[in-house]
Asks: 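A single structure is presented below for examination.
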2 protein chains.
Amino acid sequence: MQESRLALTTDRIVSVCRELLIEGGPPAVVVREVARRLSVSAPALYKHASGRDDLLTLLIASLQDELATNCEQARDAIPADDAPAKLGAATAAFRSWALANRSEFALIYGQPIAGYSAPEDGPTVGSSLRFGRVFAEIYGQLLRDGRLRMPDETDLPEGFERTLVHSPLPPDQQFPPAAVYQFAMGFQRMLGLISVEVAGHLGWAMTSSDVFAQRQLEDLAGELILPKPKGPSA
Amino acid sequence: MQESRLALTTDRIVSVCRELLIEGGPPAVVVREVARRLSVSAPALYKHASGRDDLLTLLIASLQDELATNCEQARDAIPADDAPAKLGAATAAFRSWALANRSEFALIYGQPIAGYSAPEDGPTVGSSLRFGRVFAEIYGQLLRDGRLRMPDETDLPEGFERTLVHSPLPPDQQFPPAAVYQFAMGFQRMLGLISVEVAGHLGWAMTSSDVFAQRQLEDLAGELILPKPKGPSA
DNA sequence: ACGATAAGTTAACATCGTTAACTATGCAAG
DNA sequence: CTTGCATAGTTAACGATGTTAACTTATCGT
């Protein structure tokens, strides 16, 4: 094995895949072109990935990890006792990563079209869970601190509780249904708002959607978070 | 020109493209396979479309049209003076079409990835405008009827007005900035919520997101619409 | 020293999008 | 009626793609 320059590591492969993704979207990440840019023959890649789909899967997992790391770091730069600020920071980190890496964001959160890379048990689920945990921990703290606004249990949609997936948390850390409801709402709205903005679907109304979209996320936080109680409760 | 069965119309081509889209996503709509299913040679399709990208563009335009028609019909089945109900009906039609045609929805509103079919002046813009008009007319009526909740102009984000794209409507039908703000908010949130639901990104929390997602849209309507004033205003 | 395993290579196959060159049909003008 | 031409299709071919098979080479543990 001659090392023409560097070793042919999975990292270098994924990195080239990302270049191609940025340049021309998913259809542009083409096995033979990846090989060309690595000065290597195409079948060599099959020692590291089982095919083109696997290349995409590796890339997705890597990007999910980068995104999760970004949000995690933003969150952990906030004073430990300020859960509301943590939510704001993680959300802002999510949004700015998405805007700065539109193609990558689209690959991760674009509609998982039939026939595309559909990893059921691949390395994506680990990264995906890690990402979920970043936000789950914030909501957990909001809940413990009494800063999470929660609807009355009787106001939840009929049959909502029955559809809940029981979380893998220990029983003493389980979220009450109303908290899961708020978590899911925060997630659905955050991801939805950012997806629409990143896709440029606001272009018909404004030339720059920056201040508008940011306000939408702030309003969401306002709906989720309870103002700090005034005096000491005891 | 032998007519083996039917004539080779653009409609039949688009219809086969849609079949393939459903079966295997965008990568599965393959020129030669389209031709095969039409019992025709591949180059024959080039008399009707200029290539694979054009095939996708035609399909997108057709789907946008179908979606717009669906929303339009739902809206027009509501008593003409009940604008709030029109919004609800059009939104519900949008959502149920999206859920019933996930692949198609993903193609229309999936992230417009670089390298994919990017029609700037193709037949898509017409269908797209038509779709926008369906909802714009509803918001216009809500506005005229005083049923559109609008934020105070001083509460709009700094610099928001400056980014607004001036609409092609006659000056006497222009929306005030606060109304555009609400229109854009309704659009961004509706499209975002539905995109996330259709993509199945709620699966980690619930087995069926139906009642949950429906409630999110109802809450959105509640934020957008002003309750009917009690007595006669005069 | 040696053989097995890992990590490359070249050659080949079927399939893809697209173009070029050709053919047959149907209709309008003389 | 015939001529002629645009329309709508055909076959053949080119280059590029994903993937597999068969082969080569280097590394390293025993």
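Quick note on labels: first sequence line is chain A, next is B, and so on, each numbered from 1.
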Asks: With no hydrogens and no angle check, just 3.5 Å: does a side-chain donor-acceptor pair link Arg162(A) and Thr207(B)?
Replies: no
Asks: I'd like to check the ring-ring contact (aromatic ring centres under 6.0 Å, His included) partners of Tyr139(A); sequence neighbours left out, ordered by chain and number.
Replies: Phe183(A)
Asks: What is the distance, rounded to the nearest whole Å, between atom CZ of Arg12(A) and atom C1' of dA7(C)?
Replies: 14 Å
Asks: By salt bridge (charged side-chain N to carboxylate O under 4.0 Å, His left out), which residues pair with Asp54(A), not counting sequence neighbours?
Replies: none
Asks: Going by side-chain hydrogen bond (donor to acceptor under 3.5 Å, both in side chains), name the pairs with one or both residues in residues 100-111 of chain B, residues two or more places apart or in two chains.
Replies: Arg18(B)-Asn101(B), Arg18(B)-Glu104(B)
Asks: Excluding sequence neighbours, so at least two apart, what forms side-chain hydrogen bond (donor to acceptor under 3.5 Å, both in side chains) with Glu33(A)?
Replies: Arg36(A), Arg37(A)
Asks: Using residues 163-170 of chain A as the side-chain source, report each donor-acceptor pair under 3.5 Å to any protein atom, sequence neighbours left out, with the distance given to one decimal.
Replies:
| residue | atom | partner | partner atom | Å |
| --- | --- | --- | --- | --- |
| Thr163(A) | OG1 | Phe160(A) | O | 2.8 |
| Ser167(A) | OG | Leu169(A) | N | 3.2 |
| Ser167(A) | OG | Gln174(A) | OE1 | 3.3 |

Asks: Taking only residues two or more places apart in sequence or in another chain, which ones pass ring-ring contact (aromatic ring centres under 6.0 Å, His included) with Phe187(B)?
Replies: Trp204(A)
Asks: Using the test salt bridge (charged side-chain N to carboxylate O under 4.0 Å, His left out), find all partners of Arg133(B) that sit at least two apart in sequence or belong to another chain.
Replies: none
Asks: Tell me which pairs pass salt bridge (Lys or Arg N to Asp or Glu O under 4.0 Å) where either residue lies in residues 88-98 of chain B, with sequence neighbours left out.
Replies: Arg95(B)-Glu197(B), Arg95(B)-Asp210(B)
Asks: Defining pairs by Watson-Crick or G-U wobble geometry with both distances under 3.5 Å, how would you list the stems of DNA chain C with at least three pairs each?
Replies: C:1-30 with D:1-30
Asks: Quick one, which residues of residues 40-50 of chain B touch DNA chain C with a heavy atom under 4.0 Å?
Replies: Pro43(B), Tyr46(B)
Asks: Just jot down the salt bridge (charged side-chain N to carboxylate O under 4.0 Å, His left out) partners of Arg75(B), sequence neighbours excluded, or say none.
Replies: Glu137(B)
Asks: Find every protein N or O atom lying less than 3.5 Å from an N or O atom of nucleotides 14-16 of chain C, and list the pairs.
Replies:
| residue | atom | partner | partner atom | Å |
| --- | --- | --- | --- | --- |
| dC16(C) | OP2 | Arg36(B) | NH2 | 2.6 |

Asks: Can you tell me how far C1' of dT18(C) sits from CG of Asp54(B), to the nearest Å?
Replies: 14 Å
